[in-house]
Participant: 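The structure under discussion is supplied below as structure tokens; questions concerning it will follow.
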Amino acid sequence: MEKRVIVLMGPAGAGKSSVASYIKEKWQVPQVITHTTRAKRQGEEDGRDYYFESDQSFAQNHYLESVHYGGHQYGSSMEGLERAFEKKALVSIVLDTKGASTYRKILGDEAWLWYITTSDPAKLKKRLVARGDSKEAIEKRLTSAEFQRDLALPADLEGVATVIKNDDWTETKARIDDLVAGALKS
Ligand SMILES: Nc1ncnc2c1ncn2[C@@H]1O[C@H](COP(=O)(O)OP(=O)(O)OP(=O)(O)O)[C@@H](O)[C@H]1O
Ligand SMILES: Nc1nc2c(ncn2[C@@H]2O[C@H](COP(=O)(O)O)[C@@H](O)[C@H]2O)c(=O)[nH]1
């Protein structure tokens with residue numbers, strides 16, 4: 001198959017990382033690890049979930065694109081993408097919608113955009129609470145301009161992105177299995 005990167009985007013709590021972990025486990029789709037200056041959450045590991053950086057170390061890397069999200073910096077590198085493509089032609093990355101638009105512009109059809117969302121935005125907060133995020137972190141995240149922006153698919157990605165309503169995890173897994181199996185067959 002042609003090289004393709006599944007770009008997982010959507011609002012906080014929608015399930016982007018859950019989808020990335022699922023397709024890694026079930027379909028051996030490697031995840032491109034990105035860089036961030038935010039603090040580790042409980043259970044996160046450096047080099048598996050993110051490369052956790054200080055402001056100084058973040059500034060020393062070269063990025064394909066980088067953004068500010070909720071008061072922290074995030075960036076993804078071409079080297080990270082190439083490392084993942086060495087393992088498999090189908091890989092994934094988790095980005096905000098701004099990063100997803102950039103990937104679309106740079107990579108064209110090589111970027112397969114999936115917008116992960118829920119039918120009821122109230123679910124998002126509940127999921128962040130269930131994930132164990134602190135009250136302060138949740139308030140900061142939910143009131144950030146980036147969170148509000150990512151509640152909707154950006155206009156430039158309308159009709160381009162595959163929209164996945166992740167309300168019911170069993171149904172989501174079935175939908176994703178169909179998408180990934182189809183891609184791996186092609
Ligand atoms: N369909 C679902 N039903 C209920 N809980 C879910 C579902 N999908 C994911 N979750 C849970 O919701 C929480 C948030 O999921 P996840 O971390 O994957 O979201 P995210 O979109 O990556 O969020 P963020 O952008 O804040 O990192 C996790 O605890 C996850 O286990
Ligand atoms: N444009 C980019 N967005 C990224 C990158 N790495 C992660 N993200 C997105 O940031 C927010 C916040 O992530 P969180 O782990 O703190 O919840 C989320 O939308 C991620 O998808 C990146 O390298 N570039």
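Numbering of ligands and ligand atoms starts at 1, following listing order.
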Participant: Show the atoms of ligand 2 that are less than 4.0 angstrom away from any heavy atom in Val67.
Facilitator: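 The atoms of ligand 2 under 4.0 Å from a heavy atom of Val67 are 1 (N), 2 (C), 3 (N).
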Participant: If you count the atoms of ligand 2 from 1 in the order shown, which ones are under 4.0 Å from a heavy atom of Gly99?
Facilitator: 1 (N)
Participant: Answer whether the closest heavy-atom distance between the side chains of Arg41 and Asp133 falls below 4.5 Å.
Facilitator: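 Arg41 vs Asp133: side chains touch.
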Participant: Any heavy-atom pair between the side chains of Ile93 and Leu81 that's under 4.5 Å?
Facilitator: no
Participant: Side-chain contact test, heavy atoms from C-beta onward, threshold under 4.5 Å: evaluate it for Asp177 versus Trp27 and give yes or no.
Facilitator: yes
Participant: I'd like to know if the side chain of Tyr103 reaches the main chain of Glu110, judged simply by a donor and an acceptor atom lying under 3.5 Å from each other, with no hydrogens or angles considered.
Facilitator: no
Participant: Would you check, one step at a time, whether the test side chain to side chain donor-acceptor pair (under 3.5 Å) holds for Glu53 with Asn61?
Facilitator: CA-CA 10 Å; Glu53 310 277 1; Asn61 299 321; 3.2 Å; yes
Participant: Quick one: are the ring centres of Tyr74 and Tyr63 less than 6.0 Å apart?
Facilitator: no
Participant: Among all protein non-hydrogen atoms, which one is nearest to atom 9 (C) of ligand 1, and what is the separation to 0.1 Å?
Facilitator: Ser18 OG, 3.5 Å
Participant: Can you tell me which residue and heavy atom of the protein come closest to atom 9 (C) of ligand 2, and the distance to 0.1 Å?
Facilitator: Asp96 N, 3.5 Å
Participant: Ligand 1 versus Ala130, non-hydrogen atoms closer than 4.0 Å: side chain, backbone, both, neither?
Facilitator: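 Within the 4.0 Å criterion, Ala130 makes no contact with ligand 1.
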Participant: Which ligand 2 atoms, with their elements, are less than 4.0 angstrom from a heavy-atom of Ser76?
Facilitator: 23 (O)
Participant: How far is atom 18 (C) of ligand 2 from the closest protein heavy atom, and which atom is that?
Facilitator: Lys16 CE, 4.0 Å
Participant: Is ligand 1 under 4.0 Å from a heavy atom in the side chain of Asp167, in the backbone, in both, or in neither?
Facilitator: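 Under 4.0 Å from ligand 1, Asp167 contributes backbone atoms alone.
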Participant: Does Thr34 reach the side chain of Val94, with side-chain heavy atoms less than 4.5 Å apart?
Facilitator: no
Participant: Among all protein heavy atoms, pick out the one at the shortest distance from atom 7 (C) of ligand 2; state its residue, atom name and that distance to 0.1 Å.
Facilitator: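 So the nearest neighbour among protein heavy atoms is Tyr50 OH, 3.1 Å.
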Participant: What do you reckon, is CG of Asp109 surrounded by more than 12 foreign heavy atoms closer than 6.0 Å?
Facilitator: no
Participant: I want to know if ligand 2 touches Leu95 in the polar sense, i.e. an N/O pair below 3.5 angstrom.
Facilitator: yes
Participant: Going by the side-chain contact (heavy atoms from CB on, under 4.5 Å) test, name the single residue among Val19, Thr162, Ile176 that passes it with Ile116.
Facilitator: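 That would be Val19; it is the only one of Val19, Thr162, Ile176 passing the side-chain contact (heavy atoms from CB on, under 4.5 Å) with Ile116.
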Participant: Against ligand 1, does Ala14 come closer than 4.0 Å with any heavy atom?
Facilitator: yes
Participant: Write out the residue and atom name of the closest protein heavy atom to atom 5 (C) of ligand 2, then the distance separating them to 0.1 Å.
Facilitator: Tyr74 CB, 3.6 Å
Participant: Where the closest heavy atom to atom 3 (N) of ligand 1 is concerned, which of Lys16, Arg127, Lys126 has it?
Facilitator: Arg127
Participant: Please say whether Gly15 places an N or O atom under 3.5 Å from an N or O atom belonging to ligand 1.
Facilitator: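 Between Gly15 and ligand 1, an N or O pair is found under 3.5 Å apart.
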Participant: Report the part of Lys173 (side chain from C-beta onward, or backbone N, CA, C, O) that has a heavy atom under 4.0 Å from ligand 1; answer both or neither where that applies.
Facilitator: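 Contact part for Lys173 vs ligand 1: neither.
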Participant: Please find the pair of heavy atoms, one from Arg127 and one from Asp167, that lie closest to each other, and give the distance.
Facilitator: NH2-O, 3.6 Å
Participant: Can you list the ligand 1 atoms lying under 4.0 Å from a non-hydrogen atom of Arg141?
Facilitator: 26 (O)
Participant: For atom 8 (N) of ligand 1, what's the nearest protein heavy-atom neighbour? Residue, atom name and distance, please.
Facilitator: Asn166 ND2, 3.0 Å
Participant: Can you measure from CG (Asp55) to CD (Gln60) and round to the nearest 0.5 angstrom?
Facilitator: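 Here the interatomic distance stands at 11.5 Å.
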Participant: If you define the side chain from C-beta out and look only at heavy atoms, does anything of Leu64 sit under 4.5 Å from Ser77?
Facilitator: no
Participant: Please confirm whether Lys165 approaches ligand 1 to less than 4.0 Å, judged on its heavy atoms.
Facilitator: no
Participant: If we count only N and O atoms by modelled type, under 3.5 Å, do the side chains of Ser18 and Ser21 hold a donor and an acceptor together?
Facilitator: no
Participant: Please name the pair of heavy atoms, one in Ala84 and one in Val32, separated by the smallest distance, quoted to 0.1 Å.
Facilitator: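 Closest approach of Ala84 to Val32, heavy atoms only: CB-CG2, 3.8 Å.
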Participant: Non-hydrogen atoms of Thr172 versus ligand 1: any pair closer than 4.0 Å?
Facilitator: no
Participant: Could you report the tightest heavy-atom contact between Ala89 and Phe85, atom names first, then the distance?
Facilitator: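 Closest approach of Ala89 to Phe85: O-CE2, 3.3 Å.
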Participant: Which distance, rounded to the nearest 0.5 Å, do you find between the OG of Ser186 and the CD of Glu2?
Facilitator: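 Spacing of OG (Ser186) from CD (Glu2) equals 8.5 Å.
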Participant: Does a side-chain heavy-atom distance below 4.5 Å link Val7 with Trp112?
Facilitator: no
Participant: Gly75: heavy atom below 4.0 Å from ligand 2, yes or no?
Facilitator: yes
Participant: Does Glu65 have a non-hydrogen atom less than 4.0 Å from ligand 2?
Facilitator: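 In this structure, Glu65 qualifies as a contact of ligand 2 - some heavy atom is under 4.0 Å.
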Participant: Do any nitrogen or oxygen atoms of Arg131 lie less than 3.5 angstrom from nitrogen or oxygen atoms of ligand 1?
Facilitator: yes
Participant: Any heavy-atom pair between the side chains of Lys88 and Arg4 that's under 4.5 Å?
Facilitator: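 SC-SC contact between Arg4 and Lys88 ruled out.
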Participant: Within the structure, does Leu128 bring an N/O atom to less than 3.5 angstrom of an N/O atom in ligand 1?
Facilitator: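 In fact, backbone or side chain, Leu128 has no N or O that close.
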Participant: Does Thr36 come within less than 4.0 Å of ligand 2, judged by its heavy atoms?
Facilitator: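 No heavy atom of Thr36 comes that close to ligand 2.
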Participant: Which bit of Arg41 gets closer than 4.0 Å to ligand 2, counting heavy atoms only: side chain, backbone, both or neither?
Facilitator: side chain
Participant: What part of Arg38 sits under 4.0 Å from ligand 2 if we count only heavy atoms: the side chain, the backbone, both or neither?
Facilitator: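 Side chain only.
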Participant: Any side-chain heavy atom of His35 within less than 4.5 Å of one from Phe58?
Facilitator: yes
Participant: Indicate yes or no: does an N/O atom of Asp168 lie under 3.5 Å from an N/O atom of ligand 1?
Facilitator: no
Participant: Once you restrict to heavy atoms under 4.0 Å, what part of Lys123 touches ligand 1? Side chain, backbone, both or neither.
Facilitator: neither
Participant: Please report which non-hydrogen protein atom sits nearest to atom 6 (N) of ligand 2, along with the residue it belongs to and the distance in Å to one decimal place.
Facilitator: Thr34 OG1, 2.9 Å
Participant: Heavy atom of Pro11 under 4.0 Å from ligand 1?
Facilitator: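 It does, in that a heavy atom of Pro11 comes within the 4.0 Å cut-off of ligand 1.
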Participant: Suppose we measure from atom 23 (O) of ligand 1 to each protein heavy atom; which comes out shortest, and what is that distance?
Facilitator: Gly13 N, 2.9 Å
Participant: Among all the protein's non-hydrogen atoms, which is closest to atom 8 (N) of ligand 2, and how far away is it?
Facilitator: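 Result for atom 8 (N) of ligand 2: Val94 O, 3.7 Å.
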Participant: Of the protein's non-hydrogen atoms, which lies at the shortest distance from atom 17 (O) of ligand 2, and what is that distance?
Facilitator: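 It is Arg141 NH1, 2.6 Å.
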Participant: Run the numbers for me: atoms of ligand 1, each under 4.0 Å from some heavy atom of Trp169, listed by number.
Facilitator: 1 (N)
